[in-house]
Each structure stands twice: as structure tokens, then as C-alpha cells.
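Contents: one structure, followed by commentary.
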Amino acid sequence: QQPVQSPQAVILREGEDAVINCSSSKALYSVHWYRQKHGEAPIFLMILLKGGEQKGHDKISASFNEKKQQSSLYLTASQLSYSGTYFCGTIASGGSNYKLTFGKGTLLTVNP
Amino acid sequence: NAGVMQNPRHLVRRRGQEARLRCSPMKGHSHVYWYRQLPEEGLKFMVYLQKENIIDESGMPKERFSAEFPKEGPSILRIQQVVRGDSAAYFCASSPLSGGTSTDTQYFGPGTRLTVL
């Protein structure tokens with residue numbers, strides 16, 4: 001089952017914040033976040049494991065609520081370089097431990 | 001420190017021809033994954049290979065599609081007798097020797113964009 005991402009698209013001005021959500025109907029072991037610019041490779045951002053951990057990378061951080069099977073990606077003080085499509089990939093608990101199932105993506109546009 | 005390499009970046013084929021997509025994993029990585037991406041869609045898992053072994057091909061169409069990862073050389077995704085519905089971006093990812101765990105990071109290549117006329 002494909003995770004559901006919301007919103008589908010968001011437009012920001014430089015310096016504004018955004019939150020991207022990823023929800024699954026399955027129990028999850030881990031959530032993987034990627035950013036992809038048009039015509040390029042998806043770039044790995046971070047992995048979150050069950051246990052409700054949070055992670056941060058510069059001004060991008062994420063949380064994982066395993067009880068709700070949800071993860072959120074937080075982009076703070078957005079920069080122009082943050083523009084792209086953000087994908088969450090999930091690995092279900094009890095299943096194969098390598099098969100990432102990706103959401104449809106959230107298109108983030110940061111304008112000057 | 002080269003990343004995952006894929007070639008060609010763009011491939012145009014006529015219906016009925018064969019398409020061969022190549023993927024060289026990152027140095028030190030022995031696990032390769034292939035994904036397909038349709039426009040406005042997320043990536044969909046196709047196959048997982050280790051050197052000389054197909055571990056999981058549950059996402060591969062039963063006919064016309066095959067994959068290999070030989071002892072020497074790149075991984076190959078082969079599509080025989082292509083049809084218009086095969087048009088998509090095909091991405092390869094690799095993970096380290098310790099891969100196969102759910103904490104392992106998959107690093108993606110730039111993809112091959114296949115167009116079937």
C-alpha cells in the first residue's frame with residue numbers, strides 16, 4: 001500500500017517554513033525521505049526508525065510517530081535550493097526489509 | 001567519489017525493439033535495486049539484485065522484463081519488445097555490503113528516460 005503524502009504541492013517565499021506529511025496504513029519499521037529535482041536523481045535526506053525519533057539536517061528535520069504510522073518533514077527558513085519534489089519511502093514492519101514503497105511526492109516551490 | 005551511474009540517460013526505441021539500461025553502483029556497494037517512475041508518480045520497486053543473484057523480482061512484469069547483475073560489469077535491466085506503456089524513467093539505486101537491512105540507505109542514480117515511439 002502506497003503511503004499518502006500531503007500536501008500535493010506547496011509554494012513558499014524564501015525564508016518561510018513548510019511541513020510535509022507522510023501517512024501509511026501499514027505498521028512501519030522505517031521512513032526514508034528524498035528530494036528530487038526535475039530530471040535528476042532522488043537525493044537522500046534522512047532515515048527515521050520506529051521509536052518516534054526525530055532527526056535534523058541543517059534546517060530540515062523530521063519526526064516519525066510509529067503509533068500513527070506518520071512521518072513529517074519540517075523545512076525551516078526555506079531556501080531557493082529547497083525547491084523540488086519530496087518523496088517519503090516506507091519499509092513495513094514484518095515485511096521485506098529493503099523494498100521501499102514511495103508516496104506520490106510533494107512538489108515544493110520556493111520563490112524569491 | 002562517484003555516485004551511482006546510469007546510462008544511457010535518454011533512450012528512444014520503436015515498438016518491438018529491445019531496451020538495455022545499465023547501472024553501475026557506487027564503489028563498495030554490492031546491492032542494486034531498480035525502480036520505475038511514471039510522470040507525476042512515485043518510484044515503484046521492480047527488482048533487487050546482489051552480485052550474480054536476483055533476490056526479489058516481485059515488482060517486475062512477468063513478461064519481457066529481465067534483470068541481471070553479473071560478477072563483473074554493471075547491472076542490466078532489459079526490456080524486450082517494448083510497448084508505449086514502457087515509457088518511463090527507470091532509476092537504479094545501490095546500497096553498501098551491509099545492506100539488506102531496513103536501516104540501509106539506498107542511493108539513486110540519475111535515471112534513464114525511456115521513450116517508446
Side-chain angles (χ1 to χ4, degrees), chain A residues 1-9 20 22-24 26-51 53 55 57 62 64 66 71 84-107, chain B residues 2-7 9-10 23-26 29-50 53-60 88-115:
Chain A
Q1 196 84 11
Q2 187 177 33
V4 177
Q5 289 186 233
S6 62
Q8 288 184 312
I20 299 171
C22 174
S23 296
S24 175
K26 288 187 172 183
L28 298 177
Y29 183 84
S30 61
V31 180
H32 305 226
W33 285 96
Y34 290 82
R35 175 174 60 214
Q36 184 181 29
K37 294 184 183 286
H38 185 69
E40 298 182 9
I43 300 299
F44 169 74
L45 295 176
M46 63 190 79
I47 289 177
L48 298 108
L49 305 178
K50 68 176 183 179
E53 67 170 341
K55 275 197 173 182
H57 175 68
F64 176 26
E66 65 182 278
S71 178
T85 301
Y86 289 77
F87 291 99
C88 68
T90 58
I91 292 183
S93 293
S96 56
N97 56 10
Y98 49 80
K99 190 185 299 183
L100 282 168
T101 303
F102 285 92
K104 290 188 176 183
T106 295
L107 177 60
Chain B
V4 179
M5 309 287 284
Q6 289 188 250
N7 68 80
R9 294 291 308 275
H10 299 273
C23 168
S24 296
M26 286 179 71
H29 288 192
S30 60
H31 301 254
V32 166
Y33 314 81
W34 285 92
Y35 291 82
R36 177 163 62 178
Q37 185 178 38
L38 295 169
E40 313 304 322
E41 295 283 331
L43 300 108
K44 293 202 181 329
F45 170 85
M46 298 181 74
V47 61
Y48 164 38
L49 309 105
Q50 295 178 17
N53 282 307
I54 298 174
I55 307 301
D56 182 349
E57 55 182 351
S58 59
M60 290 267 276
Y90 291 83
F91 287 90
C92 164
S94 71
S95 66
L97 184 62
S98 60
T101 71
S102 58
T103 58
D104 211 16
T105 298
Q106 294 181 24
Y107 296 91
F108 283 83
T112 294
R113 278 143 189 88
L114 173 67
T115 302

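All heavy atoms count here, side chains included; hydrogens, waters and symmetry mates do not. We name chains A, B, ... by the order of the sequence lines, and we start the count at 1 in each one. Remember, predicted model here, so these are calculated numbers, not experimental data.
Taking each heavy atom of B:Gly109 and A:Ala41 in turn, the nearest pair found is O-CB, 2.9 Å. Between A:Glu40 and B:Phe91, the closest heavy-atom pair is O-CE2, 3.8 Å.
Interface residue A:Gln2: only side-chain heavy atoms are found under 4.5 Å from chain B. If you measure heavy-atom distances from A:Gln5 to chain B, you find no contacts under 4.5 Å at all. Contact of B:Gln106 with chain A is made through backbone and side chain together, with heavy-atom distances under 4.5 Å.
Using bins of under 30°, 30° to 60° and over 60° for the plane-to-plane angle, the ring pair A:Phe102/B:Phe108 lands in the perpendicular bin.
Other residues, nucleotides and ligands contribute over 12 non-hydrogen atoms within 6.0 Å of the NZ atom of B:Lys44. Applying the 6.0 Å contact sphere to CD of A:Gln8 captures no more than 12 heavy atoms from other residues, nucleotides or ligands. Within 6.0 Å of the CE atom in B:Met60, the count of heavy atoms belonging to other residues, nucleotides or ligands exceeds 12.
Note that CD1 of B:Ile55 and NZ of A:Lys99 are 13.0 Å apart. Values are rounded to the nearest 0.5 Å. How far CG of B:Leu43 is from OH of A:Tyr34: 9.0 Å, rounded to the nearest 0.5 Å.
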**Asked** Which is it for B:Tyr35 and A:Leu100 under the side chain to side chain contact (heavy atoms under 4.5 Å, CB included) test, yes or no, and what are the steps along the way?
**Response** CA-CA 10 Å; B:Tyr35 291 82; A:Leu100 282 168; 3.5 Å; yes
